[in-house]
Amino acid sequence: MPNYLEILRLHELSVSMRQINQSVGSGRNTVSKVLRMAREKQLTYHELSQWEEQRVEEFFRSKATKSSQRQSHFVLPDYEQLAKELAKPGVTMQLLWEEYVDQCRQSNLVYYQLTQFKKYFHEYLAKQPFAHVIHHKAGEKVQVDWAGTKAHWIDPDTGEQIKGDLFVAVLPFSGYSFALVCPNMKQASWIHAHIQCFAFFGGVPTLIIPDNLKVGVTKHTRSEVILNQSYEEFANAYHTVIIPARIRRPRDKGAVENTVKQLTTHLIARMRNYQFFSMEEYNEQLAIELRKFNQKPFQKKTGSRQFIFETIEQAALQPLPIYPYEYGKYKTAKVYANSHISYQKHYYSVPHAYIGKSVTLKIYTKVLKVYDGTTFLCQHDMQYKHPGQYTTEAEHLPENSAHYGDWNSSRYQKWARRIGPNVAIVVERMFLEAKIEQHYYQRVHALLKLADPYSDQRLDQVCQQALEKNSTPSYSLLKSLLEKQAKNASFFQNSTSSTQEQAYLRGADYYDNNFSK
């Protein structure tokens, strides 16, 4: 209780307000209020000192009560509900105050001004487990990164210790976390971990905040950010936006950095004495430990990560897409003269209008899609495909191959006739044997190019020898014969050279001259 008499006594002695505050231990507002009330009633220290202590206290308290009664006419906002609204993206205290004022005016009620509204709001938030809503919005962003500590398990066949990488994601508002061990840090693992992460949350945040990893960010400067194509496609499929953390700005992803440290202790360290024989076993136990981590009560406030997530944040997330994103990697390929591209030594047809051009391949687990820039051209099933074979769509080939393109069967046959008649016969029979002549362009081209290292004459001779044994000799047979012939010729040449050298060193003249001496 303030010492009312002492306040008046010191004031009448011309003591400053600051010194009065320090002397009686009361706040500046209390001292000012006591002096104002005494002044209004023209009461002095001498007069009040004649009153009984209880009367003095009732006098000053009655005035304070009336002031409180005046304040009670103000409508106190529902700060519990407003706190949940404040957690939503784009919502500010200013907006909530304006809505509160509108409601009061419609009901002819007295409302607090903005300053008092914010004062009481901050006091309320300071007592709640989600006081940090002022800094983060529910469902607004997720911070993702790789942990530095490796997970490990044992290969049951070899007994070798295998290491994996820990992917970590955290929602900064609630601190709700996700973790998954991946076989590596490659792009396929990175995107797969994101897909599993959003499935775990049951929704999608508005923003993804990664570090500047090569699997996610191709280029990051002050003027531009270029994302990896697959990573950007993934974000578009989930209707979210990727904003990489600024370089050398650790605060941009402080929540995930702190969570990585905690998860390393609470997950990796706790599991160090477990023995696992596969990555799947490791992730099963990791999920159990992760649940405990999210349910663990806070030390300095009430609630837990899971409580705040389920109470407020989960409802603020965007819904998951109907179908999860399927990862596909990109590759550039050139369309050969036979209207095909090559992937893993298997040949897939492409519309003949793109012969000689470079196209983009998007490779999924089971399907290969072909694009010209962003224009979709075709797709092929990749299951049960073997090297050296062809997958061809008839409509991709020109109607008359002999009159289309720079390379065709007519041109190959002309080339073969220039090398030799036997080469021409082999090439002609190859094309006669083919159901689709484009399938033989590559091997015919490779056959004719054998004349470069071995000469036209040798290739024609080998073709003659092969035709005597087989009506349709293969490329591998012809190449084998050429290599054998070249090897034998080299051996004969080396033998002749060696004999001549010996004759020169130990000839008859050498011995005659020695004997004549």
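These numbers come from the heavy atoms of this one structure, side chains and all, not from hydrogens, waters or symmetry mates. Everything numeric in this text was worked out from a predicted model, so none of it was measured.
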S.K.: Between Thr311 and Phe307 (side chain of the first, backbone of the second, donor and acceptor by atom type, cut-off under 3.5 Å), is there such a pair?
M.R.: yes
S.K.: For the pair His194 and Tyr231, name the ring-plane relationship: parallel under 30°, tilted 30 to 60°, perpendicular over 60°.
M.R.: perpendicular
S.K.: Mind listing the closest non-hydrogen atom pair of Pro473 and Leu467 along with its distance?
M.R.: CD-CD2, 3.8 Å
S.K.: Taking all non-hydrogen atoms of both residues, which atom of Asn283 and which atom of Val181 are closest, and how far apart?
M.R.: OD1-N, 2.9 Å
S.K.: Gln413 side chain to Ala424 main-chain N or O, any donor-acceptor pair under 3.5 Å?
M.R.: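 Here the side-chain-to-backbone pair does not exist.
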S.K.: Is any side-chain heavy atom of Leu459 closer than 4.5 Å to a side-chain heavy atom of Cys463?
M.R.: yes
S.K.: Ignoring hydrogens and angles, state whether a donor on the side chain of Ser349 or Glu393 is under 3.5 Å from an acceptor on the partner side chain.
M.R.: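 No, because no side-chain N or O of Ser349 sits under 3.5 Å from a partner of the opposite role on Glu393.
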S.K.: So Glu289 and Met271, side-chain contact (heavy atoms from CB on, under 4.5 Å) or not? Walk me through it.
M.R.: CA-CA 9 Å; Glu289 299 296 334; Met271 295 169 62; 4.0 Å; yes
S.K.: Step by step, would you call Val359 with Leu377 a side-chain contact (heavy atoms from CB on, under 4.5 Å)?
M.R.: CA-CA 9 Å; Val359 293; Leu377 302 181; 4.0 Å; yes
S.K.: Looking at every heavy atom in both Arg429 and Thr472, which two are closest together, and how far apart are they?
M.R.: CB-CG2, 4.1 Å
S.K.: Which atom names give the shortest non-hydrogen contact between Val168 and Ala147, and what distance separates them?
M.R.: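 Looking at all heavy atoms of both residues, the closest pair is CG2-CB, 4.3 Å.
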S.K.: Between Lys357 and Asp372, is there a salt bridge with N-O shorter than 4.0 Å?
M.R.: no
S.K.: Can you tell me how far apart CD (Gln306) and CZ (Phe293) are? Round to the nearest 0.5 Å.
M.R.: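 Going from the CD atom of Gln306 to the CZ atom of Phe293 covers 12.0 Å.
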S.K.: Would a 4.5 Å heavy-atom cut-off, applied to side chains only, mark Val144 and Val142 as touching?
M.R.: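 Val144 vs Val142: side chains touch.
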S.K.: Fit a plane to each ring of Phe376 and Tyr371, take the angle between them on a 0 to 90° scale, and name the class: parallel (under 30°), tilted (30 to 60°) or perpendicular (over 60°).
M.R.: perpendicular
S.K.: Do Val350 and Ser339 come within less than 4.5 Å of each other through their side chains, counting heavy atoms only?
M.R.: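 SC-SC contact between Val350 and Ser339 ruled out.
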S.K.: Over 60° means perpendicular and under 30° means parallel, so classify the ring planes of Tyr176 and Phe200, tilted if in between.
M.R.: parallel
S.K.: Less than 4.0 angstrom from a charged side-chain N to a carboxylate O is my criterion; do Glu313 and Arg305 meet it?
M.R.: no
S.K.: Taking the side chain as every heavy atom from C-beta outward, state whether His340 and Thr392 have any pair of such atoms under 4.5 Å apart.
M.R.: yes
S.K.: Would you say Trp153 and Lys163 make side-chain contact, with heavy atoms under 4.5 Å?
M.R.: no
S.K.: Using every non-hydrogen atom in the two residues, find where Thr240 and Pro205 come nearest and quote the distance to one decimal.
M.R.: OG1-O, 3.0 Å
S.K.: Taking C-beta and beyond as the side chain, do Trp415 and Lys449 meet within less than 4.5 Å on heavy atoms?
M.R.: yes
S.K.: For the residue pair Ile195 and Ile191, establish whether any side-chain heavy-atom pair is separated by less than 4.5 Å.
M.R.: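 Answer yes - side chains close enough.
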S.K.: Ignoring hydrogens and angles, tell me if any N or O in the side chain of Asp460 forms a donor-acceptor pair with the backbone of Asn422 under 3.5 Å.
M.R.: yes
S.K.: Which atom names give the shortest non-hydrogen contact between His346 and Tyr390, and what distance separates them?
M.R.: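 Shortest heavy-atom contact: NE2-C, 3.7 Å.
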S.K.: Closer than 3.5 angstrom, by distance alone: can the side chain of Glu233 be matched with the main-chain N or O of Gln229 as a donor-acceptor pair?
M.R.: no
S.K.: Answer yes or no: is there a side-chain heavy-atom contact under 4.5 Å between Phe178 and Leu171?
M.R.: no
S.K.: Just how far is it from atom NZ of Lys150 to atom CG of Leu166, taken to the nearest 0.5 Å?
M.R.: 10.5 Å
S.K.: So, taking the atom named NZ in Lys296 and the one named CG in Asn294, what distance separates them when rounded to the nearest 0.5 Å?
M.R.: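 Between Lys296 NZ and Asn294 CG, I get 12.0 Å after rounding to 0.5 Å.
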S.K.: Return the CG to OG distance between Leu447 and Ser474, rounded to the nearest 0.5 Å.
M.R.: 9.5 Å
S.K.: In Å and rounded to the nearest 0.5 Å, what is the NZ to CD1 distance from Lys141 to Ile242?
M.R.: 15.5 Å
S.K.: How many angstroms lie between CD1 in Ile288 and CD in Gln285, if you round to the nearest 0.5 Å?
M.R.: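 Answer rounded to 0.5 Å: 4.5 Å.
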S.K.: Tell me whether the centres of the aromatic rings in Trp190 and Phe167 are closer together than 6.0 Å.
M.R.: yes
S.K.: Determine whether Leu361 and Tyr330 satisfy the following criterion, side-chain contact (heavy atoms from CB on, under 4.5 Å), listing intermediate values before the conclusion.
M.R.: CA-CA 6 Å; Leu361 311 182; Tyr330 286 90; over 6 Å; no
S.K.: List in chain and number order the residues that pass ring pair (Phe, Tyr, Trp, His ring centres under 6.0 Å) with Phe276, two or more places apart in sequence or in another chain; answer none if no residue qualifies.
M.R.: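 Residues passing ring pair (Phe, Tyr, Trp, His ring centres under 6.0 Å) with Phe276: Tyr274, Tyr282.
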S.K.: Walk me through it: do Lys385 and Tyr343 pass the test side-chain contact (heavy atoms from CB on, under 4.5 Å)?
M.R.: CA-CA 10 Å; Lys385 304 300 182 183; Tyr343 176 67; over 6 Å; no
S.K.: Show your working on side-chain hydrogen bond (donor to acceptor under 3.5 Å, both in side chains) between Gln187 and Tyr327 and close with a plain yes or no.
M.R.: CA-CA 9 Å; Gln187 190 181 78; Tyr327 169 72; 2.9 Å; yes
S.K.: Is the number of heavy atoms from other residues, nucleotides or ligands under 6.0 Å of Lys479 NZ greater than 12?
M.R.: no
